[in-house]
Structures are given as structure tokens and as C-alpha cells.
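Only one structure is covered here, and it is reproduced in the block below.
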Number of protein chains: 2
Amino acid sequence: MATKRRMGPENAVKRTALLDAVEALMREEGYAALSARNVAKRAGLKYQILFYYFETMDDLLLAAYRRRTESVLERIEEALASSQPLHAFWELWSDPEGAALTIEYMALSNHNEMVRAETAAFGEQMRQLVAGRLAGRLRQPVEDQAFTALAVTMSLVSVGAILGFESALGIEGGHKEAEALVDWCVDQLESPAAA
Amino acid sequence: MATKRRMGPENAVKRTALLDAVEALMREEGYAALSARNVAKRAGLKYQILFYYFETMDDLLLAAYRRRTESVLERIEEALASSQPLHAFWELWSDPEGAALTIEYMALSNHNEMVRAETAAFGEQMRQLVAGRLAGRLRQPVEDQAFTALAVTMSLVSVGAILGFESALGIEGGHKEAEALVDWCVDQLESPAAA
DNA sequence: GTCTATACACCGATAGAC
DNA sequence: GTCTATCGGTGTATAGAC
């Protein structure tokens, strides 16, 4: 309890509206647009009310990011529950809308220690989740041992993030061929039927 | 000529110092740190001098980015001139320092039209350069046609960028295994000796 | 070329009335 | 809970003296 100012409750309509506004601005204009006045305007509120629900802008930012990472982890768990978890994960992760947000938060991690820690924690959880579900389920298309669940996860995450983000920017060169390669690899690695 | 203010020459020590300062700040603190006062302080100059060498902050930013993309394209050409262009390109691109800057500029592209256009142009040039050099030189490790020069280029670029950026953030989980996978693929795709 | 002085909008944050 | 009023600081940019 280092606070002296009054703070609003966790479950409030306006609080949620502020979190939504952060995410929308992050997507559309990037983190540089995240001023208190800007966020509140987007939420249709007077900007001073922001400081009633969140002590600082950093607190608001972190709360929005946490909500986002938790939601993504949930959706990943759902995808992994299917009979073709690798296919499902790829479909989820290569979505351009999500990728744009992911990259923006990654860039923000570069100069905000709280966000950096959250990014690291999220990445670690995601890796464990996906690689854990994939472990022992991958068909080895080649004689080599390099295609571990973790290595495949990292590669899918990387290619999906970049392709998705470029799509959000309107850049499409080489995407069709890259996606064909990923699709081929995913098909090779994961049997059509449940193992 | 829409300018009315006096502008400094292209080849000036202080002009270069400002471009260097932009790149350093971009790397270390992200694009939000790119204010005129901040950049000039980093360059050891009074901030008003910035507006003598660059009409606007956007002009400075774009000049710094152009200098960067040109330099990277040159280094890519050098790497591609070796007997193992795929290996050389991977070594160059997976460098964490470079990757951090790449991601930061990509995020910036999301809400700055001039930067977005430059990113698109740079990406297109790079793809043509790498894929062109690789065309016809890839050993096909499998019977499938998905491993085109362009698809392989896109995959390497994506994995290198994400791994490198995560490294810059101090995140290392899964990297060793992902790199082993990439190394294996690169070895499979490119003969040890010149073709 | 480089300086001081200045303009004006926006920044996060707080105090205190209601 | 939400408002008005206010704070000191920083943002880009310009004018004009030297």
C-alpha cells in the first residue's frame, strides 16, 4: 500500500472501457499514442477519471497488457485441445490483427521494464504450453533430431508474427510462398488423424 | 522546394552525429525517446540546431532509417557474395543488435506512413536480393516443391528477427533448439562447397 | 552556423469542490 | 465518482540577434 490516492474497483464499466481504448490505440497508432488524454478521449471519458481507476499510466498499460496475454493464452489452450494442435496453433497465431499487437508490445518491451518482464513471462508460458502439448506427437519427417517440439514452436511463432505483422502493414511479397512452406511443414509434422 | 527555412549541407559532422543519435536511442530506448531535445542531447548538441539540419523530426527519422536500410542492403550483398550465401545471410540477419532495430522500425511503421513505405521498399529489395542469389542453388532435401528460394528467405528473415529481438530483451528460452533447427535446415539446403 | 528567446499545445499528475 | 482548476515539465518549431 504505497498509494495515497483513492482507487476505483476492478470491475467497473469505465475501467474496462479504458483498457479497451489502450488496446485499440496500440493497434491503430502504436504505443506513442498512449497518453492519458488520448486514451480517455478514445474511451469517451474525461481524462482525469483515468487517474481514479489507475494510479499511473504505467499501471494502466500493464493492466491492458496482462489482460491481453491472459486472453491469448486461453485461446492457445483452446486451440491446443483440438486433434491437430499444431495446425490450430498456426491458424491462431498467424492472424494479422493479433500479430500487429504482438509486435507493438515487443517493441514497447524494449524500453519499459514492466512490459519486458510481462513479455518474457508470457513467452515462457506459451512455449511450455505449446511444446508440452506437441511433445511426442510430432511425426519425424526426416531422420534428424532437430525437429523438437520446442524448436518447431519457436519457428512457427516467429514466422507467424512477422508474416502477420507485414500483412497488417499491407506488405504481402513472398507471403504466399512462405505460407505454403509452413503449411507443408505443419502437414509433415502432424498426422491428419489424432495420434 | 516547400521550405522557407535555411537548411544545412548533407555532409556535415553534426548532421551525422544527429543520425547516429537517432539510431542509438532507437536501439536503447525505442522510438518514443526520439524527441528533438533528447536526440540533440545524445549527440551533445543544443536541440535547436537539429532544425537547421532537418526541416522536421519526421525528416530526421526518415533520413536515419534510409541510411540504415542502405547499409544493411550493402552488408547483405557482401554476405551473398560468399560461396555459402544462405549460411552467410543467416549469420548476418540473426545478429541481436540488428534485429532489435529492425523490430523497432517495424513497430514504428505501424503508425508512420513514411516509415511504412520505406519498410515495404526495403523488404522488397531484400527479398529480391536474397532469393535471386539463392535461386537454383538450393539442394532439395525433400521431394516437395515448397522449399523455394523466396519461401526459405522469408522464413530465415522471420526466425532471425524474432530470435534476435528476444535475445536483445534477455529472453533465451527455446533459442538454442530453434537455432539448431535453423542450422540443420540451412545445412540441408546449401551444399558445403560451392555449387 | 549557432545562439537566446519565445510561442503554444500537450504531457502526467494532483487538489479540492461537489 | 466525477468535475474544474492548476501545476511544472516537455513537445515541435520559429524569429531574429550575432
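Chain letters run A, B, ... following the sequence lines, proteins first and then strands; every chain starts at 1.
Counting to the nearest Å, the C1' atom of C/dG1 and the CG atom of B/Leu18 are 13 Å from each other. Rounded to whole Å, the distance from NZ on A/Lys46 to C1' on D/dA5 is 12 Å. What separates NZ of B/Lys41 from P of D/dT12 is a distance of 12 Å, to the nearest Å. Spacing between atom CG of B/Leu50 and atom C1' of C/dG1 amounts to 14 Å, rounded to whole angstrom units. Separating the CD atom of B/Glu10 from the P atom of C/dG1 is a distance of 13 Å, rounded to the nearest angstrom. Taking atom CD1 of residue A/Ile49 and atom C1' of nucleotide C/dA17, one finds them 14 Å apart after rounding to whole Å. In this entry the distance linking CG of A/Leu60 with P of C/dA13 reads 10 Å, nearest Å. One atom, CD of B/Glu55, and another, C1' of D/dT12, lie 13 Å apart when rounded to the nearest Å.
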Kindly list each side-chain donor-acceptor pair under 3.5 angstrom involving residues 156-164 of chain B, sequence neighbours excluded, with atom names and distances?
unit_1, atom_1, unit_2, atom_2, d
B/Ser158, OG, B/Met154, O, 2.8

Considering only distance and modelled atom types, tabulate donor-acceptor pairs under 3.5 Å from the side chains of residues 122-131 of chain B, sequence neighbours left out.
unit_1, atom_1, unit_2, atom_2, d
B/Arg127, NE, A/Gly173, O, 3.1
B/Arg127, NH1, A/Glu166, OE1, 3.4

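Remark: A/Arg66 does not engage A/Asp59 in a salt bridge, criterion side-chain N to carboxylate O under 4.0 Å. With respect to the salt-bridge test (charged N to carboxylate O, under 4.0 angstrom), the residues B/Glu78 and B/Arg75 do not qualify. A salt bridge between A/Glu10 and A/Arg15 is present, with a side-chain N of the basic residue lying under 4.0 Å from a carboxylate O of the acidic one.
B/Tyr47 and B/Phe51 have perpendicular rings, their planes meeting at more than 60° on a 0 to 90° scale where under 30° would count as parallel.
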Legend entry - Contact letters for nucleotides 6-11 of chain C, in which S counts primed atoms plus P, OP1 and OP2 and B counts the base, heavy atoms under 4.0 Å: B----B
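Between B/Tyr53 and the phosphate of C/dT2, there is a side-chain N or O to OP1/OP2 separation shorter than 4.0 Å.
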